[in-house]
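Worksheet for the structure shown next.
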Amino acid sequence: MAYIRPGMARVQDRRDMLLQAGLTLASELSLPVVLQRIVDLAAQITDARYGALGVIGDADSIAEFVTTGISARQRESIGNLPSGRGVLGLLIHEPRPVRINNIADHPQSVGFPANHPPMRSFLGAPVQAMGRVFGNIYLAEKRSADEFSQEDEDALVVLATQAGVAIANASLYEEVRSRERWLNALREITNHVLAGGRETSLLSRIAEHARELAGADVATVMTDSGRTGELVVSAAAGAHAGELVGKSVPIEGSISGAVMKSAESLIFDDVSQDPRGFRPIISLGRHGPAFFVPLRIPGGVAGTLMVANLKGGNRFSMETRRLVDSLADAASVALDYDRAQTELRRLGLLEERERIAKELHDGIIQSLFAVGMGLQGTALTAGKPETSARIERAVEQLDGVIRDLRNYIFGLRPGILADRQLDQALRSLGEEVESRSREKIDVQVDAALAATLSGRSADLVQLTREALSNVTRHAHATRATVRLERQGSRAVLIVEDDGVGFQPGKNSAGSGLRNMRERAAKLGGTLTVKSEAGKGTTLQVSFPVQAE
């Protein structure tokens with residue numbers, strides 16, 4: 001039997017490991033998995049305690065940093081990704097293998113950030129993929145020796161070559177998958193618009209598709225809040241989405257405002273460091289790397305789409321930004337079409353209401369006037385005072401019906417909702433009711449919430465009108481309050497008064513409450529009534545904000 005020296009055995013073992021590494025990398029097409037396996041294999045083959053693969057992004061910066069030997073908690077405590085200075089920058093500017101006995105002694109060393117584990121020995125090599133340097137493998141702290149050897153360097157160069165082939169294959173596969181996701185997003189958004197979906201749910205879909213396409217932690221859509229100089233988060237997907245929706249941002253001095261004015265995208269390595277970042281939202285979302293894209297429509301910008309990772313997360317590549325930007329342009333076309341269709345439906349509804357109002361005014365009211373005049377004539381010829389009194393009471397009741405019909409006709413005519421936002425319409429309604437009644441009407445509206453409910457304005461205004469009509473006719477109140485507010489994931493419309501009250505269920509079966517219950521159900525919600533004799537009445541309609 002031939003004698004095999006230990007050194008020869010170690011060489012054979014390393015060759016076997018490199019052969020196995022090549023097979024392992026060739027069998028995987030997921031780019032994130034490939035990058036992690038490259039780092040793990042490099043550390044294993046060279047017996048390194050720590051390893052990393054820095055993916056090179058725009059302007060020779062490190063866009064992604066995949067590590068081994070460092071826990072997630074350690075990475076978080078270290079902070080943001082390395083910028084590519086110091087020893088790490090050696091391979092970026094001169095892509096060739098580098099071996100260092102002691103990192104601290106190297107003339108380009110700039111030291112380690114706080115909470116970084118101590119490292120002495122260093123070995124690095126570039127990874128080339130698709131004709132360019134994709135990134136660099138960094139290894140530190142050889143376990144079994146004070147420094148890395150020439151054999152370690154040679155093995156790492158072989159592994160880097162294998163890694164380049166694996167990354168090229170995985171990148172091409174990832175590009176195909178990204179295109180597929182992009183096409184699916186466009187198809188889904190288009191189908192949603194053609195099916196007549198609401199704008200709020202369309203914006204939610206845009207945010208979710210952008211987040212998935214970018215592989216990001218969070219995405220938000222900002223649009224005009226309806227209040228001068230203010231934007232609102234109309235939709236969000238990902239981390240802290242529920243807390244972000246409804247938050248308002250000033251146009252002046254904010255990043256979204258700058259993007260809307262310039263109609264140009266903006267990108268940040270750490271948006272929390274930019275003075276234009278609106279602190280309440282940036283701090284709440286813990287946003288780090290981010291980019292903002294305008295939602296362009298003919299004649300201007302309808303809003304902004306933000307895609308972000310949490311602090312310490314990866315930066316976004318040029319390809320990712322390009323895909324999201326093209327998605328935003330396509331989504332803007334869909335949004336513009338959706339708004340045009342909504343306006344056409346609104347105009348059609350207003351025209352139909354005007355026609356019905358005209359028929360009621362010219363037909364039914366004139367007939368009721370004629371009946372009333374006939375009854376008054378009959379009262380004059382009645383022989384008995386009791387008969388005359390009964391006829392006069394009937395005429396008074398007809399006058400009341402005519403007044404109610406006039407109010408209803410006013411509600412049908414285009415006016416209170418035409419060219420108004422929901423919050424403005426509710427305030428106008430309160431002023432109108434107050435001007436013709438003895439009750440003081442106080443209207444309190446969450447404008448940010450109202451801006452997201454534009455598609456349900458008609459039902460909400462009519463619900464409020466019917467509720468206030470009940471107050472003025474039956475409550476004998478001195479004051480009534482109308483509130484539209486958010487409670488968690490639901491919107492709540494509340495109308496309360498300080499009137500005489502009643503016993504719910506006993507004399508509340510009229511068509512008014514029945515109509516209001518039907519409208520509440522149409523909104524996907526419920527109506528509840530709380531009242532007590534002598535203590536006023538509270539009517540509450542609760543429905544989901546994001547309901548289809």
At what distance, to the nearest 0.5 angstrom, does [atom1] of [X] lie from [atom2] of [Y]?
X      : Y      : atom1 : atom2 : answer
Ile441 : Leu429 : CD1   : CG    : 9.0 Å
Gln444 : Ile494 : CD    : CD1   : 9.5 Å
Leu460 : Leu523 : CG    : CG    : 5.5 Å
Ser254 : Phe292 : OG    : CZ    : 8.5 Å
Asp497 : Glu439 : CG    : CD    : 8.0 Å
Leu323 : Met318 : CG    : CE    : 12.5 Å

Can you find a pair of side-chain heavy atoms, one from [X] and one from [Y], that are under 4.5 Å apart?
X      : Y      : answer
Met516 : Val495 : no
Met306 : His287 : yes
Val293 : Thr304 : no

Any sub-3.5 Å donor-acceptor pair from [X]'s side-chain atoms to [Y]'s backbone N or O?
X      : Y      : answer
Asp217 : Ala239 : no
Arg321 : Phe316 : yes
Arg296 : Asp329 : no
Gln74  : Ser71  : yes
Asn309 : Pro289 : no
Asp270 : Lys311 : no

Exercise: identify the closest heavy-atom pair between [X] and [Y]:
X      : Y      : value
Gly536 : Ser531 : O-OG, 3.2 Å
Leu493 : Thr464 : CD2-OG1, 3.5 Å
Ala207 : Ala219 : O-CB, 3.3 Å
Pro544 : Gly524 : CD-O, 3.3 Å
Leu35  : Glu64  : CD1-OE2, 4.0 Å
Ser265 : Pro294 : OG-CD, 3.6 Å

If you apply the rule side-chain contact (heavy atoms from CB on, under 4.5 Å), what do you find for Thr538 with Val529, and how did you get there? CA-CA 6 Å; Thr538 299; Val529 179; over 6 Å; no

Results of side-chain hydrogen bond (donor to acceptor under 3.5 Å, both in side chains) for Glu212 - residues two or more places apart only: none

Give the C-alpha distance, both sets of side-chain angles, the deciding distance and a yes or no for side-chain contact (heavy atoms from CB on, under 4.5 Å) between Leu231 and Met260. CA-CA 10 Å; Leu231 303 173; Met260 290 188 70; 3.5 Å; yes

Restricting to pairs with a member in residues 253-268, which pass salt bridge (charged side-chain N to carboxylate O under 4.0 Å, His left out), not counting sequence neighbours? Glu252-Lys261

List for me each residue that meets salt bridge (Lys or Arg N to Asp or Glu O under 4.0 Å) alongside Arg483, sequence neighbours excluded, and say none if there are none. Glu485, Glu496

List the steps and the verdict of side-chain contact (heavy atoms from CB on, under 4.5 Å) for Asp446 and Leu484. CA-CA 6 Å; Asp446 181 339; Leu484 179 63; 5.8 Å; no

Pair Lys522 + Asp459, salt bridge at N-O below 4.0 Å: yes

Could you walk me through whether Leu244 and Val218 pass the side-chain contact (heavy atoms from CB on, under 4.5 Å) check? CA-CA 10 Å; Leu244 291 170; Val218 62; 4.1 Å; yes

List the steps, then state whether salt bridge (Lys or Arg N to Asp or Glu O under 4.0 Å) holds for Arg211 with Glu208. CA-CA 5 Å; Arg211 188 187 71 84; Glu208 183 58 40; 2.9 Å; yes

